[in-house]
Amino acid sequence: MGAASPQPPAWLVYDGAPPEPDGVPVSGAASRTRAGLHETLAGSLALPGWYGRNWDALADALAGRLDSGPLTLVVTDAADLLADEPPAQLGTLLDVLGAVAAGGHETLRVVLRDDPDRLRALRDRVAAVLGGRVGAPPPATG
């Protein structure tokens, strides 16, 4: 057995419950690629027309959305999230979500929902792409 996975940050929750979301549903199955994720988010969140379907635009759109109240994204079939992209893309998404969660006036919560066996693999994938920094303070620079 390997080392235990790091604890996720407070805004990120793993959930093996049935897919009855309490929040804005986001299909992981439809979000296997960056393009699919951006299209899914644009539709699910009714993002503004200026949304450029890139990471910077996502950060701006989510920050703007948080100005109007708390937001919970419930990713169903979460193990499929960005599964057809290089692993670093999942890390970039989580970095964007973490920055938005840290800087928002309201609460951002992301629920990764899937079958418990698939969630175990997703936890390992998240830990691998973030190199153990999920929930940990940023490394000190000198």
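Remember, predicted model here, so these are calculated numbers, not experimental data.
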For [X] versus [Y], what's the shortest heavy-atom pair and its separation?
{"X": "Arg34", "Y": "Glu85", "answer": "N-OE2, 3.0 Å"}
{"X": "Ser44", "Y": "Pro25", "answer": "OG-O, 3.1 Å"}
{"X": "Tyr14", "Y": "Leu119", "answer": "CD2-CD2, 4.0 Å"}
{"X": "Arg109", "Y": "Val13", "answer": "NE-CG2, 3.8 Å"}
{"X": "Ser27", "Y": "Thr40", "answer": "N-CG2, 3.8 Å"}
{"X": "Arg53", "Y": "Ala42", "answer": "NH2-CB, 3.5 Å"}

For this session: Show your reasoning for whether side-chain contact (heavy atoms from CB on, under 4.5 Å) applies to Tyr51 and Asp60.
Result: CA-CA 8 Å; Tyr51 174 56; Asp60 291 343; over 6 Å; no
Between [X] and [Y], is any pair of side-chain heavy atoms under 4.5 Å apart?
{"X": "Leu94", "Y": "Val110", "value": "no"}
{"X": "Leu82", "Y": "Thr92", "value": "no"}
{"X": "Ser31", "Y": "Val75", "value": "no"}
{"X": "Arg118", "Y": "Asp80", "value": "yes"}
{"X": "Leu73", "Y": "Leu45", "value": "yes"}

For this session: State whether the side chain of Ser68 and the backbone N or O of Arg65 hold a donor-acceptor pair below 3.5 Å, judged by distance alone.
Result: yes
For this session: Check for a donor-acceptor pair, side chain of Asp114 on one end and backbone N or O of Ala79 on the other, with a separation under 3.5 Å.
Result: yes
Nearest 0.5 Å, please: how far is [atom2] in [Y] from [atom1] in [X]?
{"X": "Asp77", "Y": "Leu112", "atom1": "CG", "atom2": "CG", "answer": "11.5 Å"}
{"X": "Arg32", "Y": "Leu37", "atom1": "CZ", "atom2": "CG", "answer": "13.0 Å"}
{"X": "Arg113", "Y": "Asp15", "atom1": "CZ", "atom2": "CG", "answer": "4.0 Å"}
{"X": "Arg123", "Y": "Leu12", "atom1": "CZ", "atom2": "CG", "answer": "9.0 Å"}
{"X": "Asp117", "Y": "Leu122", "atom1": "CG", "atom2": "CG", "answer": "13.0 Å"}
{"X": "Leu62", "Y": "Asp67", "atom1": "CG", "atom2": "CG", "answer": "11.0 Å"}

For this session: Go through Leu93 and Leu58 one step at a time and tell me if the side-chain contact (heavy atoms from CB on, under 4.5 Å) criterion holds.
Result: CA-CA 9 Å; Leu93 171 63; Leu58 178 60; 4.0 Å; yes
